[in-house]
Amino acid sequence: MTASSTDETDGEQAAASPHVGSGMLDEDMGPSSAMAHLYRGEIHRMKLWRERLDRTTNWAVIVIAALITWAFSSPDNPHYIILVGIATLTVFLVIESRRYRGYDIWRTRVRTIQENVWAYGLDPASGVEDEDWRGSLGEDYRTPTLKITAEEAIAHRLRRVYLPLFAVLLVAWLIRITAFSTESWITSAAIGMIPGSAIIGVVAVFYGTALVVACRPRTWHAKGELRAEELRKKRK
């Protein structure tokens, strides 16, 4: 091989360096063993964090089911036990949002590999999603960082899981202070020396804040999450 041919080959390899997925699924080639193990490891880590999210949700459902059952088991049981359930559910929401931020780290890495390696290997004509994906992924391995804010994580978990659970507790509380008391619902909402109007005001502010956090317009930074507009098939 001549020197010019060697230079041309080296130049082609350097130019193709971002396109590590090129030819990966051809008959005479296979995926890099290191890349395959890396991808498998990130999938496993993402799966473990996904299970941690589900475990928090399961505990939240069990706890609020127990509290509602006890609150309605006797007219003498105080209604504020349901408010305790709302506070407990808020704690679970905060814990799950923190876990979701960790889950998003591994999810981001998995989606980066899927978009720029496997997708390109299946359809090289479409090119890679990010020409600098190798540098970005390498930097993330050197210095792992959270990709989304705490507020976005809370909003995501509210929309997916916790808003319906909070709604169930709100309905249960309203029924408890109206159907189980001969007094007006504002009076029956009182807790000790705290007037019912103050309790209702605090509950209203809490739920209003939750709705604003969950539903306000925003740019979502969570990587690769399934959203309604992304599920629509493209028209050809």
Side-chain angles (χ1 to χ4, degrees), residues 1-54 95-157 159-160 213 216-234 236:
M1 182 179 292
T2 63
S4 60
S5 299
T6 302
D7 293 340
E8 291 178 1
T9 302
D10 292 341
E12 291 175 357
Q13 291 176 348
S17 59
H19 310 128
V20 70
S22 179
M24 185 164 290
L25 301 181
D26 292 347
E27 292 182 359
D28 59 342
M29 297 187 68
S32 163
S33 178
M35 179 61 72
H37 286 299
L38 175 66
Y39 180 69
R40 187 182 300 113
E42 294 297 345
I43 286 286
H44 178 68
R45 200 150 40 170
M46 185 184 74
K47 175 178 175 291
L48 289 179
W49 280 76
R50 175 73 255 182
E51 291 173 351
R52 295 187 70 191
L53 292 177
D54 294 339
I95 293 172
E96 188 164 322
S97 66
R98 292 184 64 182
R99 291 181 175 182
Y100 181 78
R101 296 181 78 190
Y103 161 80
D104 184 68
I105 295 175
W106 323 124
R107 175 63 172 166
T108 299
R109 292 178 180 176
V110 167
R111 287 297 297 144
T112 298
I113 297 173
Q114 288 175 343
E115 291 172 342
N116 298 286
V117 178
W118 308 120
Y120 185 74
L122 290 167
D123 183 18
S126 297
V128 295
E129 187 74 15
D130 179 11
E131 291 286 340
D132 192 38
W133 70 271
R134 297 179 66 175
S136 300
L137 188 59
E139 181 62 28
D140 190 54
Y141 276 112
R142 291 187 182 92
T143 310
T145 57
L146 295 170
K147 309 299 188 299
I148 59 176
T149 63
E151 193 255 359
E152 179 179 341
I154 291 174
H156 188 279
R157 302 320 294 163
R159 290 163 68 107
R160 288 296 181 89
V213 171
R216 75 171 182 84
R218 61 162 49 80
T219 299
W220 296 92
H221 296 93
K223 185 71 170 179
E225 291 299 326
L226 297 177
R227 310 197 190 285
E229 61 269 18
E230 294 177 357
L231 294 178
R232 301 185 185 125
K233 293 182 178 180
K234 295 181 179 180
K236 295 182 179 181

**Message:** I'd like to know whether Glu152 forms a salt bridge (charged side-chain N to carboxylate O under 4.0 Å, His left out) with Arg101, so could you lay out the CA-CA distance, the side-chain angles of the two residues, the decisive distance to 0.1 Å, and finally the verdict.
**Reply:** CA-CA 9 Å; Glu152 179 179 341; Arg101 296 181 78 190; over 6 Å; no

**Request:** Determine, step by step, whether Ile43 and Val110 satisfy the side-chain contact (heavy atoms from CB on, under 4.5 Å) criterion, reporting the C-alpha distance in whole Å, the side-chain angles of both residues, the deciding distance to 0.1 Å, and the verdict.
**Result:** CA-CA 7 Å; Ile43 286 286; Val110 167; 3.7 Å; yes

**Asked** So with a 6.0 Å cut-off around CZ of Arg216, is the heavy-atom count from everything else above 12?
**Response**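 Counting other residues, nucleotides and ligands, CZ of Arg216 exceeds 12 neighbours.
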
**Asked** With a cut-off of under 6.0 Å to the ring centre and 45° to the axis, is Arg52 in cation-pi contact with Trp49?
**Response** yes

**Item:** Nearest non-hydrogen partners of Ala155 and Val213, listed with the distance
**Value:**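 Looking at all heavy atoms of both residues, the shortest contact is CB-O, 3.3 Å.
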
**Message:** Determine whether a donor-acceptor pair (N or O, by modelled atom type, separation under 3.5 Å) exists between the side chain of Arg157 and the backbone of Arg98.
**Reply:** no

**Request:** Verify side-chain contact (heavy atoms from CB on, under 4.5 Å) between Arg218 and Glu151, making sure each step is shown before the conclusion.
**Result:** CA-CA 11 Å; Arg218 61 162 49 80; Glu151 193 255 359; 2.5 Å; yes

**Item:** Candidate pair Tyr103 and Thr108, rule side-chain contact (heavy atoms from CB on, under 4.5 Å), full reasoning
**Value:** CA-CA 9 Å; Tyr103 161 80; Thr108 299; over 6 Å; no

**Message:** If only side-chain N and O atoms count, and only distance matters, is there a donor-acceptor pair under 3.5 Å linking Tyr39 with Gln114?
**Reply:** yes

[atom2] on [Y] to [atom1] on [X], rounded to 0.5 Å:
X      : Y      : atom1 : atom2 : value
Trp133 : Asp140 : CH2   : CG    : 12.5 Å
Ile105 : Tyr100 : CD1   : OH    : 12.0 Å
Thr143 : Glu139 : OG1   : CD    : 5.0 Å

**Item:** Results of side chain to side chain contact (heavy atoms under 4.5 Å, CB included) for Asp123 - residues two or more places apart only
**Value:**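 Once residues adjacent in sequence are excluded, the partners of Asp123 under the side chain to side chain contact (heavy atoms under 4.5 Å, CB included) criterion are Ala125, Ser126.
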
**Complete:** The side chain to side chain contact (heavy atoms under 4.5 Å, CB included) partners of Leu48 (sequence neighbours excluded) come to His44, Glu51

**Prompt:** Passes salt bridge (charged side-chain N to carboxylate O under 4.0 Å, His left out), Arg45 versus Glu42? Steps please.
**Reply:** CA-CA 5 Å; Arg45 200 150 40 170; Glu42 294 297 345; 3.2 Å; yes

**Verdict with reasoning, Thr112 to Asp130, per side-chain contact (heavy atoms from CB on, under 4.5 Å)** = CA-CA 9 Å; Thr112 298; Asp130 179 11; over 6 Å; no

